[in-house]
Amino acid sequence: MAVQINPSILSADFARLAEEAKAVEGADWLHVDVMDNHFVPNLTLGVPIVESLSRATDIPLDLHLMIENPDRWAPQYVEAGAGSVTFHAEAAAAPVRLAREIRAKGARAAMALKPATPIEQYEDILPELDMVLIMTVEPGFGGQAFLDIMLPKIRRTREMIAKHGLELWLQVDGGVSASTIERVAEAGADVFVAGSAVYGAPDPAAAVRSLREQAGAAIAAAPWACDHGAKA
Ligand code: DX5
Ligand code: ZN
């Protein structure tokens, strides 16, 4: 699968979201972080802003729900216009039921894991998902340093996807930048969220293009991508 770069609007100017979406033209998805001040110690935005943003941009919205009780709220984000909805494994009461509900409403369903949550316990439910998000920082804030200790989990997740022959995207979020994207791609990620590395750059659209090139080259040279090609 081709590399996807998803700028996170957490690092954008919240008073100018429509313009900030235009500033990353060419991005695959716009990553929207919903925080409720309970699941994480920060508060961002909710359904009404997602509704407005989805009308204001053609870039599909990739919702990352860092909230308690996603079982109750996630379906509303599909109705608000999200093309993909990610809930946290640590917060969902019934992840299989929730993923099915998100898919039934017409969006892609994804599940996120905080750094200390292992992937192994979720191996059997991966076919219910369209994407897994491996957090490479503790969720809650942009601009944190990338956690290299997550690289083995990304590798194990990629192996699991290959073992079961799944069409599952592997997203990483947190500290992804020009200096870290190559090693995350080499480890097995194919969807990259970047907040400060995109919106902190003088030309955000150019930053997206350059991250895409770096990740593409790293994946082309990675053992996991070669294996995948050999099997195809
Ligand atoms: C953090 C959010 C991220 C955040 C990433 O909890 O989930 O999406 O915007 O920001 P950077 O790319 O600056 O680490
Ligand atoms: Zn996020």
Side-chain angles (χ1 to χ4, degrees), residues 3-14 17 20-21 23-24 27-46 49-50 53 59-68 70 73-74 77 82-92 107-117 130-151 153-154 169-185 189-202 204-205 207-208 210-212 214-215:
V3 166
Q4 299 187 69
I5 306 291
N6 302 4
S8 168
I9 58 160
L10 188 62
S11 295
D13 179 349
F14 273 29
L17 286 181
E20 294 283 62
V24 292
D28 296 279
W29 298 77
L30 212 50
H31 184 83
V32 181
D33 291 302
V34 177
M35 306 187 189
D36 66 354
N37 210 21
H38 291 274
F39 183 72
V40 288
N42 197 2
L43 185 67
T44 54
L45 50 84
I49 291 179
V50 172
L53 186 59
I59 306 176
L61 303 185
D62 163 33
L63 269 283
H64 177 193
L65 305 183
M66 285 160 277
I67 60 172
E68 287 182 355
W73 298 108
Y77 287 93
S84 174
V85 177
T86 302
F87 56 86
H88 264 269
E90 304 84 0
R108 296 176 60 88
M111 191 172 74
L113 305 181
K114 290 167 70 173
T117 306
D130 296 298
M131 182 170 80
V132 168
L133 164 53
I134 306 290
M135 291 302 300
T136 43
V137 297
E138 288 290 356
F141 301 94
Q144 300 181 76
F146 178 81
L147 291 173
D148 275 282
I149 51 170
M150 290 297 106
L151 291 172
K153 180 155 79 172
I154 295 165
W169 297 353
L170 204 174
Q171 186 178 61
V172 286
D173 181 8
V176 174
S177 69
S179 52
T180 59
I181 196 164
E182 285 161 347
R183 53 189 194 268
V184 206
D190 52 11
V191 183
F192 305 86
V193 176
S196 45
V198 169
Y199 281 106
V208 170
S210 144
L211 288 170
R212 191 194 301 290
Q214 277 187 285

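We count ligands from 1, going down the list as the structure has it; atoms in each ligand are counted the same way.
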Using only heavy-atom distances, determine whether the side chains of S84 and D130 contain a donor-acceptor pair under 3.5 Å.
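No donor-acceptor contact under 3.5 Å links the two side chains.
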Q4 and D62: side chain donor to acceptor below 3.5 Å
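Checked: Q4/D62 side chains show no N/O donor-acceptor pair below 3.5 Å.
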For the Zn ion (ligand 2), report each protein N, O or S atom nearer than 2.8 Å, sorted by chain and then by residue number.
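Protein N/O/S atoms under 2.8 Å of the Zn ion (ligand 2): H31 NE2, D33 OD1, H64 ND1, D173 OD2.
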So, using ring-ring contact (aromatic ring centres under 6.0 Å, His included) as the criterion, who are the partners of Y199 when residues are at least two apart?
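So Y199 forms no ring-ring contact (aromatic ring centres under 6.0 Å, His included) with any residue.
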With sequence neighbours left out, what residues match H31 under ring-ring contact (aromatic ring centres under 6.0 Å, His included)?
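Applying ring-ring contact (aromatic ring centres under 6.0 Å, His included) to H31 gives H64.
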L30 and I59: which non-hydrogen atoms are nearest, and at how many Å?
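Answer, listing the atom of L30 first, then I59: N-CG2, 3.5 Å.
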Nearest non-hydrogen partners of K153 and I134, listed with the distance
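Residues K153 and I134, closest heavy atoms: CE-CG2, 3.7 Å.
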Could you state the interatomic distance from CZ (F87) to CG (L63), rounded to the nearest 0.5 Å?
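Rounded to the nearest 0.5 Å, the CZ-CG separation comes to 13.0 Å.
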Just by distance, do the side chain of E20 and the backbone of I9 share a donor-acceptor pair under 3.5 Å?
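Not a single qualifying donor-acceptor pair exists.
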Check whether NZ of the Lys or CZ of the Arg R108 lies under 6.0 Å from the centre of the six-membered ring of W169 and within 45 degrees of that ring's axis.
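Yes.
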Pairwise, report which nitrogen or oxygen atoms of ligand 1 are under 3.5 angstrom from protein nitrogen or oxygen atoms, and how far apart they are.
unit_1, atom_1, unit_2, atom_2, d
ligand 1, 6 (O), G140, N, 2.7
ligand 1, 7 (O), D33, OD1, 3.0
ligand 1, 7 (O), H64, ND1, 3.2
ligand 1, 7 (O), D173, OD2, 2.9
ligand 1, 8 (O), H31, NE2, 3.3
ligand 1, 8 (O), D33, OD1, 3.2
ligand 1, 8 (O), D33, OD2, 2.8
ligand 1, 8 (O), D173, OD1, 2.8
ligand 1, 8 (O), D173, OD2, 3.0
ligand 1, 9 (O), S8, OG, 2.7
ligand 1, 9 (O), D33, OD2, 3.2
ligand 1, 12 (O), G195, N, 2.8
ligand 1, 13 (O), G143, N, 2.8
ligand 1, 13 (O), S196, N, 3.0
ligand 1, 13 (O), S196, OG, 2.5
ligand 1, 14 (O), G175, N, 2.8

